[in-house]
Colleague: 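Got a structure for you, questions after.
Just so you know, these numbers come straight off a predicted model, no measurement behind them. Proteins get letters first, then strands, A, B, ... in listed order; numbering begins at 1 in each.
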Amino acid sequence: MKKAYKPQSIEAKWQKEWARTGVYRQYDRKKKFYVLDMFPYPSGAGLHVGHPKGYIATDVLARMKQLQGYGVLHPMGWDAFGLPAEGYALKHKVHPEKAVKENIAVFKKQLQKIGFTYDWEREINTTDPEYYRWTQWIFLKLWEKGLAYESEEPINWCPKCLTGLANEDLEQGKCERCGSAVEKRPLRQWVLRMTKYADRLLRDLESRELEWPEAIKEQQRNWIGRSEGAEAVFYITDTEEEVRVYTTRLDTIFGCTYVVLAPEHPLLSVLEKKIANLAEVRKYIKKAQSKSDLERTELAKEKTGVELASIEAVHPFTGERLPVYVAEYVLGGYGTGAVMGVPAHDERDFEFALKYQLPIETVIVPFAEKNQESLPARLEGRIKNQDEAKDAYTEDGILTDSQEFSGLASADARKRMTAWLAKETLGKKKVNYRMRDWTFSRQRYWGEPIPLIHCGKCGVVPVPEKDLPVKLPNVKSYEPTDTGESPLASIKPWVNVRCPQCQGPAKRETNTMPQWAGSCWYYLRYIDPHNKKALVDNKKEKKTMPVDVYVGGTEHATRHLLYARFWHKFLYDIQAVSGQEPFKKLVNQGLILASDGRKMSKRWGNVINPDDIVREFGADAFRLYEMFMGPFGQSIAWNTDGVVGARRFLEKVWKLQEKVVSGKEKAARKNSIENLLHQTIKKVTEDIENFKFNTAVSSLMIFINALEKEKEVSSIHYSQFLILLSPFAPHIAEELWQLLGHKKSIFLAGWPQYDAHLLKTETANVAVQINGKVRAVLVVETGSSEDDVKASALKDAKVRAHIAGKTIRKAIYIQDKILNLVI
RNA sequence: GGGCAGGUGGUGGAAUGGUAUACACGCCAGUCUUAGGAACUGGUUCCGCAAGGAGUGAGGGUUCGAGUCCCUCCCUGCCCACCA
């Protein structure tokens with residue numbers, strides 16, 4: 001009896017050995033493979049068993065790719081700026097820098113116990129000045145190209161986090177971090193002109209090179225929210241002013257019975273003198289603006305508004321004079337901040353019209369109705385009595401009551417009416433995006449300082465590149481303030497500088513960057529982490545990019561993944577990188593839930609620490625279990641009992657070494673184990689490639705179950721199996737490999753290839769069906785002909801019983817699988 | 001309200017239109033005796049003693065054959081949501 005399987009000692013031994021020999025650093029190989037995890041925030045809680053799931057998956061893939069001869073880059077680092085890290089520091093009364101350092105040490109130690117192939121010489125940390133030097137450098141380039149601008153527009157303000165937020169940081173009008181209702185607050189902000197890249201961000205999603213889950217692409221498409229429509233001009237009578245409205249339904253414009261402005265619309269202040277009921281209007285605007293976004297949307301389902309008395313707008317097609325309203329159901333930030341009210345064909349306008357007794361005029365009828373008798377009645381069209389109106393008809397159809405456009409289909413009408421507007425200079429075709437520019441400054445301490453200087457004489461002046469990085473100063477209090485300024489503003493010696501241009505007195509920008517900044521380009525830094533001259537060496541970048549496989553959660557669909565694509569395209573435009581997309585293939589992992597079905601969280605007290613699992617069952621069993629739990633992309637509840645199964649499997653593998661006999665290569669040929677081995681090689685190889693780890697593991701188990709039934713196991717078969725196992729359970733595989741007498745690491749052996757001839761077994765089980773129901777299973781020689789199988793089927797007692805007295809009308813035969821007799 | 005992903009044993013789940021429930025957990029029975037989470041053997045979708053029948057959220061359809069394809073509907077999860 002050989003010694004028992006003791007994972008703890010084996011694992012520690014090999015982790016040390018792999019670190020010593022650097023067996024994973026094979027970067028000079030011809031073929032490259034870049035496999036990347038979304039790097040974590042080193043939070044104070046440490047890892048729970050959910051975190052490593054994605055890391056194990058990339059590690060399995062990285063190990064297989066290395067065995068297949070690729071030079072694999074598989075790095076890890078820390079996304080340590082931003083509110084989570086700062087929140088932790090504030091709560092525990094330690095400086096964020098110190099807290100981050102401690103937390104990283106914990107995370108790293110936890111990760112190392114699981115036996116990953118990470119090249120720790122390439123570890124990066126977004127809060128390291130040598131890293132954020134380049135984050136600042138990219139910002140300066142954005143500024144140089146006019147893609148970073150200052151704005152005073154009201155922005156989202158979180159009253160609890162005391163900072164401005166980007167649209168992407170909101171979840172149903174609430175702060176994504178703390179859940180507070182977000183207010184609108186006018187504040188000087190730095191904003192990135194992401195909308196300039198909207199079209200490219202959208203278009204490149206369709207590239208065939210981009211192997212992303214459809215769900216994520218769809219989320220990005222919806223987030224970007226491209227809409228094609230038209231702007232139409234409504235003049236205001238007795239003034240020089242005009243209202244431009246944006247609509248995607250220009251075909252309905254003959255049904256427009258009023259015009260609505262958002263409370264933020266600039267025309268409201270321009271027209272002040274003309275508005276007869278100014279006090280009432282002002283009161284309404286003030287009330288609307290004091291509301292949070294949440295109140296304006298979720299809570300304020302009922303439409304409200306105020307008519308601008310004595311103001312009239314002129315319909316561009318009919319010349320009709322229409323009332324003008326201000327109403328908060330119109331969004332200030334989208335389109336022109338003004339819409340035409342078409343109650344008959346828009347649900348919101350319909351609701352508003354009912355409330356304020358505005359006319360509802362039908363100008364579109366459904367296509368199907370065009371031949372119906374009721375059409376003349378509808379053509380008259382105008383629903384005078386509001387009690388009759390039940391619904392807005394919002395589909396496309398045929399136009400009526402629309403002068404020369406009557407009778408046209410909606411799509412055609414939109415084109416012709418847009419052309420008419422353009423000809424009359426009363427409007428034009430217009431594309432709008434739901435996505436907004438990225439509010440990029442935060443009034444918090446723990447972020448990259450924005451490297452700009454404000455000079456009374458020269459205006460905004462960039463910090464010269466040679467003076468980067470602009471380091472975060474030490475500060476006594478990094479608590480946020482409610483002043484709209486970052487805590488940095490109070491550090492006079494840091495704020496007051498000489499203007500780099502005129503040498504006069506000037507002040508530093510005190511806002512910092514959002515937590516997403518550092519993660520926008522980190523994948524590039526891993527390629528060349530110690531480069532002092534550039535963010536990445538061009539040649540190295542070209543050789544290594546794009547990231548071949550990127551693994552992480554879906555929650556980053558419209559933030560990190562969109563921001564990073566935006567920055568990457570910008571870096572491409574300034575020739576800092578060679579490709580337009582950073583991540584070729586994207587794979588989302590599902591969450592590991594706690595055994596109670598909820599998310600793992602300190603709050604629920606249901607967190608499982610990987611350290612405990614590794615200590616009890618070993619890292620290999622832990623890795624194997626996480627891959628075996630179920631489909632990789634699916635959320636599944638943790639079950640510690642399941643780890644037992646993985647451990648039992650490894651015990652079986654361990655025990656099998658007793659049965660191994662050498663020199664059995666020839667004898668091993670042409671037996672069923674040989675067939676099964678080659679089927680297993682094929683299955684495991686394809687499944688790892690496709691992230692179907694659960695079925696890869698199950699096929700390894702099937703193979704081992706078969707070996708257990710044998711008296712002897714060929715060392716050739718056993719060795720090949722160990723290689724297949726090694727990506728999942730690297731430590732035990734390496735140990736057994738060495739015990740077999742191999743001198744070099746298993747990770748330098750080649751990945752086995754399957755032989756197509758050896759996939760086939762000598763016999764096949766053919767199911768005999770009568771009218772589609774299985775009645776018997778025949779064991780036949782592989783590749784038997786239909787006649788042979790039919791003949792033996794007809795000898796089978798059960799089959800005969802079922803066809804007794806009936807005629808066989810038809811037979812369908814699928815070789816080695818099915819014979820279906822239709823009677 | 002819109003988009004996306006799903007619904008299969010007691011549980012996690014498997015299944016290029018071709019023997020539904022692989023693999024694993026749990027459970028049941030047995031062997032051996034408790035030395036390390038024992039191990040091993042057998043069983044485990046449901047109804048039925050059996051023969052047999054039913055069966056992948058519901059109902060229809062296509063097909064020799066449907067968990068898989070098509071239609072109608074129900075339910076669950078995630079994302080977005082007054083974007084004109």
Colleague: Look at Gln219(A) and C80(B) and indicate whether a side-chain polar atom (N or O) is within less than 4.0 Å of OP1 or OP2.
Modeller: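 No, because none of the side-chain N or O atoms of Gln219(A) sits under 4.0 Å from OP1 or OP2 of C80(B).
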
Colleague: Do the side-chain N or O atoms of Arg221(A) get closer than 4.0 angstrom to the phosphate oxygens (OP1, OP2) of C4(B)?
Modeller: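 Checking Arg221(A) against C4(B): no side-chain N or O falls below 4.0 Å of OP1 or OP2.
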
Colleague: Strictly below 4.0 Å, heavy-atom distances to any atom of RNA chain B: list the hits from residues 816-823 of chain A, or just say none.
Modeller: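 Listed by number, they are Lys817(A), Ile818(A), Asn820(A), Val822(A).
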
Colleague: Quickly work out the Lys6(A) NZ to A35(B) P distance and round it to whole Å.
Modeller: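 In whole Å, A35(B) P lies 16 Å from Lys6(A) NZ.
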
Colleague: Please state the C1' separation for the pair G57(B) and G52(B) - nearest whole angstrom.
Modeller: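 After rounding to an integer number of Å, I get 27 Å for this pair.
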
Colleague: Check Glu302(A) with Lys355(A), please: is the shortest side-chain N to carboxylate O separation under 4.0 Å?
Modeller: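 Answer for the salt bridge query: yes.
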
Colleague: Under 3.5 Å, side chain of Tyr334(A) to main-chain N/O of Arg436(A), donor-acceptor pair present?
Modeller: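 It does not hold such a pair.
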
Colleague: Compare side-chain N and O positions of Asn222(A) against OP1 and OP2 of C4(B) and report whether any pair is under 4.0 Å apart.
Modeller: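 Checking C4(B) against Asn222(A), no side-chain N or O comes under 4.0 Å of OP1 or OP2.
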
Colleague: Hey, what's the ring geometry for Phe693(A) with Phe691(A), parallel, tilted or perpendicular (30° and 60° as the breaks)?
Modeller: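 Taking Phe691(A) first and then Phe693(A), their aromatic rings stand perpendicular (interplane angle over 60°).
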
Colleague: Under 4.0 Å between a Lys/Arg side-chain N and an Asp/Glu carboxylate O for Arg249(A) and Asp349(A)?
Modeller: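 Looking at Arg249(A) and Asp349(A), the cut-off is not met.
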
Colleague: What about Phe352(A) and Tyr258(A), are their ring centers closer than 6.0 Å?
Modeller: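 Yes, close enough.
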
Colleague: State whether Tyr334(A) places a side-chain N or O below 4.0 Å from either non-bridging phosphate oxygen (OP1 or OP2) of A84(B).
Modeller: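 For A84(B), OP1 or OP2 has a side-chain N or O of Tyr334(A) closer than 4.0 Å.
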
Colleague: Side chain of Arg434(A) only, heavy atoms from C-beta on: which candidate in A81(B), C4(B), G12(B) is closest?
Modeller: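 Looking only at heavy atoms from C-beta outward on Arg434(A), the closest nucleotide is A81(B).
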
